[in-house]
Colleague: 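Below you'll find the structure I mean.
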Amino acid sequence: IPDSGNKYYLQFSTEDYKTGEDAGNCLATVLYPKKKSPVVTIKCSHTKDQNEIQEEDNRLYQRIKQQTKPITGSNIPDSYGNIEPALEPAWALAVAGSSSIMWEKSTEDLGYFLAQVKSVKQWMRKDDFIEFDYNILLHEMPTQEIVSCHMRLTWFPGRPLRVKHFCASGHRGLEDGSGLGSGSAAGLSEERGANF
């Protein structure tokens with residue numbers, strides 16, 4: 001599209017991250033504006049019932065809320081690809097939260113994958129929300145660079161994840177983080193908030 005960038009039309013299937021089961025098919029358009037985050041319009045047919053998804057979210061939430069001590073950990077997964085069962089909820093939220101960072105940072109020429117959670121710490125809150133601080137490593141493709149990001153994630157079932165982040169890049173120096181982004185599988189939205 002002249003003066004705007006390239007627009008792509010995609011058809012793809014999805015799978016459940018944890019089980020690998022078919023999760024539905026999607027149609028999407030992706031516009032990569034020059035020097036901005038991609039603009040995505042997506043419509044999916046889900047094979048999983050929304051009530052089942054809500055029940056899974058509630059089980060994850062209850063598992064985290066039942067902890068008497070804050071969840072803390074490092075090097076998730078470990079060098080053998082293993083994740084301690086006690087750290088699986090923190091990993092699941094890291095996967096979901098980092099996807100909004102990868103979405104924002106991706107361009108036509110660069111993509112990202114969550115390589116590892118270097119450290120995670122849960123903040124015990126007085127309200128019903130769950131909050132974690134993460135230091136994560138993103139694998140940048142095709143450069144093979146490892147990008148370090150600090151991510152703060154806040155979540156309550158039925159609401160979008162709120163993700164604030166700041167990333168540093170080895171060959172480019174410090175980069176601005178959104179400090180503001182929110183996201184969920186249902187879509188991304190913007191909100192304004194204080195830096196952390």
Side-chain angles (χ1 to χ4, degrees), residues 1-18 20 23-46 75-77 81 90-120 132-155 159-196:
I1 301 172
D3 301 324
S4 293
N6 292 324
K7 190 172 192 178
Y8 297 86
Y9 298 88
L10 304 159
Q11 181 177 357
F12 57 94
S13 60
T14 60
E15 65 181 36
D16 185 285
Y17 180 81
K18 195 168 187 176
N25 295 305
C26 300
L27 296 171
T29 59
V30 181
L31 172 64
Y32 283 103
K34 295 174 174 133
K35 299 181 182 179
K36 291 184 182 177
S37 297
V39 178
V40 178
T41 304
I42 188 166
K43 291 184 181 178
C44 297
S45 63
H46 300 286
N75 300 323
I76 309 165
W91 171 254
L93 288 174
V95 169
S98 65
S99 67
S100 70
I101 299 172
M102 293 183 281
W103 178 307
E104 182 179 304
K105 291 179 69 60
S106 292
T107 68
E108 284 180 279
D109 302 319
L110 292 176
Y112 297 87
F113 298 94
L114 177 61
Q116 188 177 49
V117 171
K118 287 305 291 175
S119 65
V120 59
F132 284 92
D133 264 337
Y134 292 92
N135 288 308
I136 61 171
L137 299 179
L138 300 180
H139 186 185
E140 185 178 88
M141 299 294 285
T143 66
Q144 302 299 319
E145 180 182 354
I146 298 297
V147 178
S148 176
C149 298
H150 177 85
M151 174 176 71
R152 177 161 297 173
L153 181 147
T154 309
W155 177 62
R159 297 192 182 178
L161 290 173
R162 289 189 313 211
V163 178
K164 298 178 181 182
H165 75 277
F166 187 84
C167 297
S169 178
H171 73 279
R172 289 185 291 252
L174 294 179
E175 293 182 357
D176 289 336
S178 70
L180 310 168
S182 294
S184 74
L188 297 176
S189 63
E190 288 294 318
E191 71 176 26
R192 298 288 176 221
N195 290 331
F196 57 97

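All residue numbers refer to positions in the sequence shown, counting from 1. On a predicted model such as this, the values are computed, not experimentally measured, just so you know.
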Colleague: Taking the side chain as every heavy atom from C-beta outward, state whether Val120 and Leu93 have any pair of such atoms under 4.5 Å apart.
Modeller: no
Colleague: Looking at every non-hydrogen atom in both residues, tell me the closest pair between Leu114 and Ser98 and how far apart they are.
Modeller: CD2-OG, 3.7 Å
Colleague: Of the non-hydrogen atoms in Glu140 and Tyr112, which two are nearest, and what is the gap between them?
Modeller: OE2-OH, 2.7 Å
Colleague: Will you find, in the side chains of Ser45 and Asn25, an N or O donor that is under 3.5 Å from an N or O acceptor?
Modeller: no
Colleague: Run Gln144 and His139 through side chain to side chain contact (heavy atoms under 4.5 Å, CB included) and show every step you take.
Modeller: CA-CA 6 Å; Gln144 302 299 319; His139 186 185; 2.8 Å; yes
Colleague: Specify the closest pair of heavy atoms between Leu161 and Gly97, including all atoms of both residues, with the distance to one decimal.
Modeller: CD1-N, 3.7 Å
Colleague: For the CZ atom of Phe166 and the CZ atom of Arg152, what is their distance to the nearest 0.5 Å?
Modeller: 14.5 Å
Colleague: Kindly compute the distance separating CG (Leu153) from NZ (Lys164), expressed to the nearest 0.5 Å.
Modeller: 11.5 Å
Colleague: Which pair of non-hydrogen atoms, one from Ala90 and one from Tyr134, has the smallest distance, and what is that distance?
Modeller: O-OH, 2.6 Å
Colleague: If you round to the nearest 0.5 Å, how far is CG of Leu31 from CD of Glu108?
Modeller: 8.5 Å
Colleague: Which atom names give the shortest non-hydrogen contact between Pro33 and Pro38, and what distance separates them?
Modeller: CD-CA, 4.2 Å
Colleague: Would you say the side-chain atoms of Gln116 pair up with the backbone N or O of Pro77, donor to acceptor, closer than 3.5 Å?
Modeller: yes
Colleague: Using modelled atom types and a 3.5 Å cut-off, is there a donor and acceptor pairing between side-chain atoms of Thr41 and backbone atoms of Thr29?
Modeller: no
Colleague: Please examine the side chains of Leu137 and Val147, heavy atoms only from C-beta on, and report whether any two atoms are closer than 4.5 Å.
Modeller: no
Colleague: Shortest non-hydrogen contact from Lys105 to Cys167?
Modeller: CD-SG, 4.1 Å
Colleague: Hey, what do you get for NE2 (His46) to SG (Cys26), rounding to the nearest 0.5 Å?
Modeller: 6.5 Å
Colleague: Do any N or O atoms from the side chain of Tyr8 and from the backbone of Tyr32 form a donor-acceptor pair under 3.5 angstrom?
Modeller: no
Colleague: Mark yes when over 12 heavy atoms from residues, nucleotides or ligands other than Gln11 sit less than 6.0 Å from its CD; otherwise mark no.
Modeller: no
Colleague: Output the distance between atom CD1 (Ile136) and atom CE (Met151), rounded to the nearest 0.5 Å.
Modeller: 4.5 Å
Colleague: What's the separation between atom CG in Leu138 and atom OG in Ser106, rounded to the nearest 0.5 Å?
Modeller: 9.5 Å
Colleague: Above 12 or not: heavy atoms from other molecules or residues under 6.0 Å from OH of Tyr9?
Modeller: no
Colleague: I want to check something: taking the side chain as every heavy atom from C-beta on, are Asn75 and Lys118 in contact at a cut-off of under 4.5 Å?
Modeller: yes
